[in-house]
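Below: the structure, in structure tokens.
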There are 2 protein chains.
Amino acid sequence: MVARTNRPTLRQVAALSGVSVKTASRALNAEPYVSAATAAKVRAAAEQLGFRRNAIARDLRAGARSTLVGLIIGDLANPFYSRLARGAERRLRSSGLPLITASSEEDPQLEQRLIAEMLERRVSALLVVSSAAEHAYLDAERRLGLPVVFLDRAPQDIVADTIVIDNERGVRQGVDHLVRQGHRRIGLVGDLGRLSTHRERVAAFGAALTAAGAGDWQRYVRADSHDVPAAERAVRELLALTPAPTALITTNNRITTGALRVLRELAAPPALVGFDDFDLADLLGVSVIAHDPERMGELGAELIVTRLAGDDGPARRVLLPTRLVPRGSGERRPAHLDETV
Amino acid sequence: MVARTNRPTLRQVAALSGVSVKTASRALNAEPYVSAATAAKVRAAAEQLGFRRNAIARDLRAGARSTLVGLIIGDLANPFYSRLARGAERRLRSSGLPLITASSEEDPQLEQRLIAEMLERRVSALLVVSSAAEHAYLDAERRLGLPVVFLDRAPQDIVADTIVIDNERGVRQGVDHLVRQGHRRIGLVGDLGRLSTHRERVAAFGAALTAAGAGDWQRYVRADSHDVPAAERAVRELLALTPAPTALITTNNRITTGALRVLRELAAPPALVGFDDFDLADLLGVSVIAHDPERMGELGAELIVTRLAGDDGPARRVLLPTRLVPRGSGERRPAHLDETV
DNA sequence: CTGAAAGCGCTAACAG
DNA sequence: CTGTTAGCGCTTTCAG
């Protein structure tokens with residue numbers, strides 16, 4: 001399966017062009033101090049043999065590590081992650097750093113295996129959307145000189161470079177918006193309860209509702225809706241309560257999708273504000289708390305590049321802004337208010 | 001930037017545990033013929049030092065190539081590509097092969113650079129959605145033993161493993177469906193004209209319409225709508241023709257999005273059938289010609305695995321089926337027929 | 001069961 | 001300007 005290839009090596013190029021390996025190396029890497037004639041001869045030989053530099057040997061020589069940067073995300077096919085990945089890829093490529101991506105499927109064990117694999121491959125840095133609770137092993141790597149940047153979810157057990165959304169403010173924007181339309185019973189459908197983003201969003205939700213005088217908000221919170229069907233179930237559950245919530249906040253794009261599937265069946269659907277903007281949300285009239293995942297990837301990559309350039313200042317924490325985008329679903333008023341109009 | 005790391009090496013592990021390098025290697029790779037006591041000692045030392053195998057050195061020794069598989073796509077953030085990537089990633093991971101992805105942005109030159117980079121990194125195989133016209137250099141690599149699988153777009157100049165959608169049949173399903181509702185003037189908005197997928201879809205479009213007795217179909221074809229704004233412009237252009245088309249076929253998800261943005265402003269929008277299924281198409285009532293990009297990635301990965309296992313049979317060509325999914329937009333009838341009802 | 005030596009393909013360091 | 005030597009960290013011989 002990993003048979004030795006019959007690829008030409010530098011040695012063969014050198015032999016064919018009648019120079020030493022080192023001269024061939026110099027010629028092909030456009031180093032100075034090679035005569036034009038020699039360089040041409042070597043390049044011709046390389047061309048003829050179909051030679052390609054072996055980056056494995058080069059990397060081993062150069063410091064036993066590669067220029068690859070590793071990115072761990074939950075799921076390549078989720079637009080939040082794929083936008084993030086695109087932002088990171090673009091920024092890294094402009095610095096000549098290829099990106100290697102792996103999906104953890106939000107499984108902490110798989111995540112750790114994937115990271116271990118990348119570390120063995122000697123990636124030069126790591127961008128991680130972590131679904132794990134423990135990061136001590138990564139802290140050890142950081143001390144060995146590996147830049148690690150946490151994206152979207154801040155590690156709870158170590159201090160490290162982190163780029164996160166301003167969840168507190170985002171949720172508050174959403175709740176305040178709904179409260180201003182007269183809503184007091186607001187439901188929240190959230191992702192995996194163990195994720196820091198979930199906990200932050202729920203905490204902000206509670207704080208904002210308490211401030212608005214709605215004391216029993218906890219009744220209307222559901223967690224662990226990690227896929228669309230789970231989100232649909234949670235929404236149905238909430239709407240079956242008595243009294244039912246008059247508005248919903250969904251904490252990510254997939255959950256919002258699930259909610260939409262349920263709400264379209266209803267004659268008088270509750271108001272809806274979703275965290276994460278998504279394609280076609282405008283056509284569907286869905287109000288969202290928007291932010292910029294691509295920017296998150298870009299900034300993470302930017303920070304990696306800075307760290308690789310030698311910056312070893314204290315860990316940085318970047319907070320990305322959110323923006324409430326009203327499109328209709330979040331502007332529906334509670335039924336009892338409409339009646340009085 | 002590529003400073004030598006202070007990472008512990010196998011030699012240090014060996015020294016600390018008082019055995020030879022080779023014994024340490026055997027112990028850490030769970031090879032047979034190592035006493036339990038020695039193995040335990042070595043593992044303890046490795047643990048203590050925070051040792052991690054260096055895959056670069058290992059790969060160099062093992063055959064001067066890595067186990068990485070390279071994937072070239074147009075744009076990570078396009079759901080068609082990200083689903084394809086997910087399918088490939090899953091299937092490859094189950095065979096222990098990490099995936100390294102790069103976006104070409106449909107630029108042939110960038111594509112070639114990215115592939116060259118991957119080849120230098122000695123990827124063990126390549127999955128490519130190519131936007132280039134020339135693939136001779138890849139054919140050379142194939143002869144040197146590198147499995148290459150073309151996805152979505154068949155190379156025109158070489159014979160190689162290829163997995164494509166049944167574009168001919170897909171478009172015919174769409175056209176026939178519209179013709180059955182009484183449409184004869186059907187517009188087509190397509191992606192970059194140089195892509196083989198575009199050409200195949202247009203050819204099928206023409207054939208189906210000719211069969212239906214619509215001779216002037218060429219008037220209603222627009223190409224090179226590679227982003228949403230371009231698609232919007234093309235749709236407006238088509239609708240401004242006299243007589244205007246009564247139905248539209250859009251040949252990918254982004255173009256469909258553009259068309260939807262235009263159509264929603266219209267009192268009597270033309271019928272619409274889009275190539276590619278997409279999230280929320282059901283909620284928006286968009287009829288599509290659906291297929292399975294994730295499956296394409298999976299099958300490509302599958303073929304790679306087979307080839308790596310030694311299968312060197314003739315190039316294979318896999319055709320993926322399409323399915324027409326009626327959801328409303330494709331069932332609107334032309335205005336003149338409605339009038340007569 | 002364990003170890004010594006050789007070498008994967010390349011480049012840094014040092015001669016010529 | 002060009003060549004020789006050594007060695008990156010590991011695993012594959014081949015001997016103990």
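A note on names: the letters A, B, ... follow the listed sequences, proteins ahead of strands, and every chain is numbered from 1. The shown structure was predicted, so the numbers you read here are calculated from the model rather than taken from an experiment.
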Quick test: give all pairs of protein nitrogen or oxygen and nucleotides 4-6 of chain C nitrogen or oxygen below 3.5 Å, distance rounded to 0.1 Å.
none

Quickly work out the [X] [atom1] to [N] [atom2] distance and round it to whole Å.
X       : N       : atom1 : atom2 : result
R53(B)  : dG9(D)  : CZ    : C1'   : 13 Å
R121(B) : dC10(C) : CZ    : P     : 15 Å
R52(A)  : dC10(C) : CZ    : C1'   : 17 Å
K41(A)  : dC1(D)  : NZ    : C1'   : 12 Å
E120(B) : dC10(C) : CD    : P     : 10 Å
I56(A)  : dT11(D) : CD1   : C1'   : 15 Å
R122(A) : dG9(D)  : CZ    : P     : 9 Å
R58(A)  : dG7(D)  : CZ    : C1'   : 17 Å

By nearest atom, which of the nucleotides [options] is closest to the [X] side chain?
X      : options                  : value
F51(B) : dT2(C), dG3(C), dC10(D)  : dC10(D)
S25(B) : dT11(D), dT11(C), dG9(D) : dT11(D)
Y33(B) : dC10(C), dG9(D), dT2(C)  : dT2(C)
T38(A) : dT11(C), dT2(D), dT11(D) : dT2(D)

Handout entry: Residue closer to the 5' end of DNA chain D, P8(B) versus S35(A) (nearest nucleotide)
Key =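 The 5'-side residue here is S35(A).
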
At under 4.0 Å, does any side-chain N or O of [X] touch on OP1 or OP2 of [N]?
X      : N      : value
N54(A) : dC8(C) : no
R11(B) : dG9(D) : no
T23(B) : dC1(C) : no

Practice task
Look only at the side chain of S130(B) and the backbone of A132(B), and say whether a donor-acceptor pair between them is shorter than 3.5 Å.
Solution key: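 Yes.
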
Handout entry: Expected output: side-chain S25(B) to main-chain V21(B) donor-acceptor under 3.5 Å
Key =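 Flag not set: sc S25(B) to bb V21(B) has no pair under 3.5 Å.
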
Problem - Crowding at CZ, R11(A) (>12 non-hydrogen neighbours, <6.0 Å) - result: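 Check fails, neighbour count at 12 or below.
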
Exercise for the section: Return yes when atom CD of E134(B) has more than 12 non-hydrogen atoms of other residues, nucleotides or ligands closer than 6.0 Å, and no otherwise. Expected result: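 Incorrect, the count does not exceed 12.
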
Handout entry: Ion pair E294(A)/R90(A), N-O distance below 4.0 Å
Key =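 Judged by the 4.0 Å cut-off on N to carboxylate O distance, E294(A) and R90(A) do form a salt bridge.
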
Practice task
Salt-bridge test for R83(B) and E298(B): reply yes if a basic N is under 4.0 Å from a carboxylate O, no otherwise.
Solution key: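 No salt bridge links R83(B) with E298(B).
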
Side-chain polar contacts of residues 301-309 of chain A - donor-acceptor pairs under 3.5 angstrom, sequence neighbours left out - could you list them?
{"unit_1": "E302(A)", "atom_1": "OE1", "unit_2": "R91(A)", "atom_2": "NE", "d": "2.8"}
{"unit_1": "E302(A)", "atom_1": "OE2", "unit_2": "R91(A)", "atom_2": "NH2", "d": "3.4"}
{"unit_1": "T306(A)", "atom_1": "OG1", "unit_2": "E302(A)", "atom_2": "O", "d": "2.8"}
{"unit_1": "R307(A)", "atom_1": "NE", "unit_2": "D161(A)", "atom_2": "OD2", "d": "2.7"}
{"unit_1": "R307(A)", "atom_1": "NH1", "unit_2": "D311(A)", "atom_2": "O", "d": "3.1"}
{"unit_1": "R307(A)", "atom_1": "NH1", "unit_2": "D311(A)", "atom_2": "OD1", "d": "3.2"}
{"unit_1": "R307(A)", "atom_1": "NH1", "unit_2": "G313(A)", "atom_2": "O", "d": "3.1"}
{"unit_1": "R307(A)", "atom_1": "NH2", "unit_2": "D161(A)", "atom_2": "OD1", "d": "2.9"}
{"unit_1": "R307(A)", "atom_1": "NH2", "unit_2": "D161(A)", "atom_2": "OD2", "d": "3.3"}
{"unit_1": "R307(A)", "atom_1": "NH2", "unit_2": "G313(A)", "atom_2": "O", "d": "3.4"}
{"unit_1": "R307(A)", "atom_1": "NH2", "unit_2": "P314(A)", "atom_2": "O", "d": "3.0"}

